[in-house]
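Letters go in sequence order (proteins before strands), and every chain restarts at 1.
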Amino acid sequence: MKFTQMLTKRFKDTPADCQIASHIFMIRGGYMKNVGNGIYSLFPVTKRITAKIENIIRDEMNKIDGQEVLFPVVMPASLWRESGRYDSIANELVRFHDRSGNDMVLGMTHEEAAVQLARETAESYQQYPFMIYQIQTKFRDEPRARGGLIRVREFTMKDAYSFHTTKEDLEEYYMRCHKAYERIFARCGVPEVISVASDSGMMGGKVAHEFMLCTPVGEDSLVVCSECDFRANMETADCTFDKLEGEAEALTKVATPEMKTIEEVANFLGKDMDRLLKAVAYQREDDDSIVIVFIRGDLEVNEVKLRNYLKSEIHPALDLDAYDVCAGFIGPKGLTNKVKVVFDSSVLTSESFVCGANEEGYHFTGLNIKRDLGDVQTVDVAKAVEGGICPVCGKHALTLTRGIEVGNIFQLGDKYTASMGMKYIDQNGVMQTPIMGCYGIGVGRLAASVCEAHHDDYGPIWPMSIAPWQVQLCALRADQAEVREFADEIYRKLQDAGVEVIYDDRAVSAGVMFSDADLTGVPLRVVVSPKGLKNGTVEISKRDKSMMEKIEKDQAFDFIMNTVKDMIKECEDYAK
RNA sequence: CGGGGUGUAGCGCAGUUCGGUAGCGCACGUGCUUUGGGAGCAUGGGGUCGCAGGUUCAAAUCCUGUCGCCCCGACCA
């Protein structure tokens, strides 16, 4: 590809809307153009990168016996009614009507389509297990797209669906897919991607993992143990807390006028926050009832865990007066029975708590849960904390970090096969319901994540395996015949040898050419210049600055070929 | 959906307080000079100032409404 022929445009100024590195470089470097909120067109540079990522994914999916298929983007609502998701998913699912007035949806994921395709085809146990996958456009009407390709509404995704006759078989295949994912991310140049246990959300199922690239700009909070291999999304991480010292005290009502927040109460009574019992009020979405969570004052409620426990969507409670709840002075003793109460496990870590007295201007001190409330049921609904206790190894070794979710895998079980009536005949001639796993990777997000992980102040540093081109050939002073001729010759020879070359043949200054090359991020750079040719050399360097050589012009071609081969091999070795 | 910010040329911005008919830098076209880290001079093209009403002799500027975009939160395979 010659630069002069390529559709591209670069900017010196950082666009005002961009916040994170990958977004900035991908806009400044002419990788993509915003079309609408969370909707982008991709320029040729980006399409070349995503095509390479797709091919790596395709190769690994085929290696675990995947069969590539293609599901439709637009589906009739009836298909989504079968699984129940037409009604259970809120606004992320785009609904519209066709000309006949039929309800239609835009595909945001394809479990329904996968079951629809397979259910009348895989009739016998002999056809199991099998996995089908596609690489295709999804549309999700996200409440908030952000960060360039990190979170968009329309995006390309590889989604795979496996079907099994036994749980053991699903688990075994799930592990194979887990390993395939590790190879995919390593081959794409981000071997640092880790898998964490995760919440299964709207997908359903029990066991799920997310593949995370750890970076401060990530959208998810992760809990990682520095002593063992426990790693979980904050949403699902189990929590235990040390018992605090101190004896039970007598239950005493004290005046705490105007003290509504736990900070105010703690300061007023001279107590640490962990000696208070905090009340957090939520309203259930299914029956509108109020749920009050009691949790130790220094901790926070993990709303995902609470939601899973309650088996209902929840939102912060607004109007507590209507339920005879005295906001600011809520406590478990003497609380109205118009609300449901949930005790976090942390309420058992102290013998003596300060809590609200359910009376304006009063708190109790010396509340002992067991003595004053009897045997209450507790449940773990707290957020993990930095330095907290690892639920696996028991050491105080939890660290909190942020991550971008680049892929995920789920053991779905029979959620879709059962609801959509998929059956097969087993060895004994009995009809059975198969079980499923599903496995996703966001292609564009992965590209942006690689950029996020590998860049310097001047632009992305693409790994050889997914770089838009393998070599960037810069002809400085391309207006001089000697330069032009030699650069043309190298370009031709590299192309003939099957090397992917972007040839900057513009008559621009060295500064412009190098800056644009930095933004393009091609791993190997070849500079042909009058100065070099005068000494009979060309300059060959790596984008990551780990190499800078002046090579005799007669040996340049061989040197480039060998270096490209070495760099490709390096990528492959990385993945082993 | 809540909070904050912001819409003026492809990009970055000034002009809005105090109404007078739109400007700067980059980018783009042309010519000459220049050439190893975002060159110089000259010259040219490009904007219904987000949109719709209203006030006024006159609106980018004032008023009302509305939409888009960005950030934080909520939400989210």
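Contact annotation: A:S529 does not reach the phosphate of B:G36 (side-chain N/O to OP1 or OP2, under 4.0 Å). Residue A:R307 places at least one side-chain N or O under 4.0 Å from the OP1 or OP2 atom of B:C75. Residue A:N34 places no side-chain N or O under 4.0 Å from the OP1 or OP2 atom of B:C70. Between A:R525 and B:G36, a side-chain N or O to OP1/OP2 separation shorter than 4.0 Å is absent.
Proximity note for A:A16 (side chain, C-beta onward) versus B:C11, B:C13, B:A27: the nearest is B:C13. Taking the side chain of A:K531 as heavy atoms from C-beta on, and the options B:C69, B:U35, B:G36, the nearest nucleotide is B:G36. Side-chain proximity of A:P143 to B:G12, B:A74, B:C69: nearest is B:A74. The A:F514 side chain lies nearest to B:G37 when the options are B:C26, B:C69, B:G37. Of the candidate nucleotides B:C70, B:C75, B:G36, B:G36 has the atom nearest to the side chain of A:A510.
Put simply, the side chain of A:S515 never gets that close to the backbone of A:V512: no donor and acceptor are under 3.5 Å apart. Using modelled atom types, no side-chain atom of A:R525 and backbone atom of A:C474 make a donor-acceptor pair closer than 3.5 Å.
The base of B:C11 has none of its N or O atoms less than 3.5 Å from a complementary donor or acceptor on the side chain of A:R28. On a pure distance criterion of 3.5 Å, no polar donor-acceptor pair joins the side chain of A:R10 and the base of B:G12.
Between the NZ atom of A:K545 and the CG atom of A:D456 there is a distance of 4.5 Å, given to the nearest 0.5 Å.
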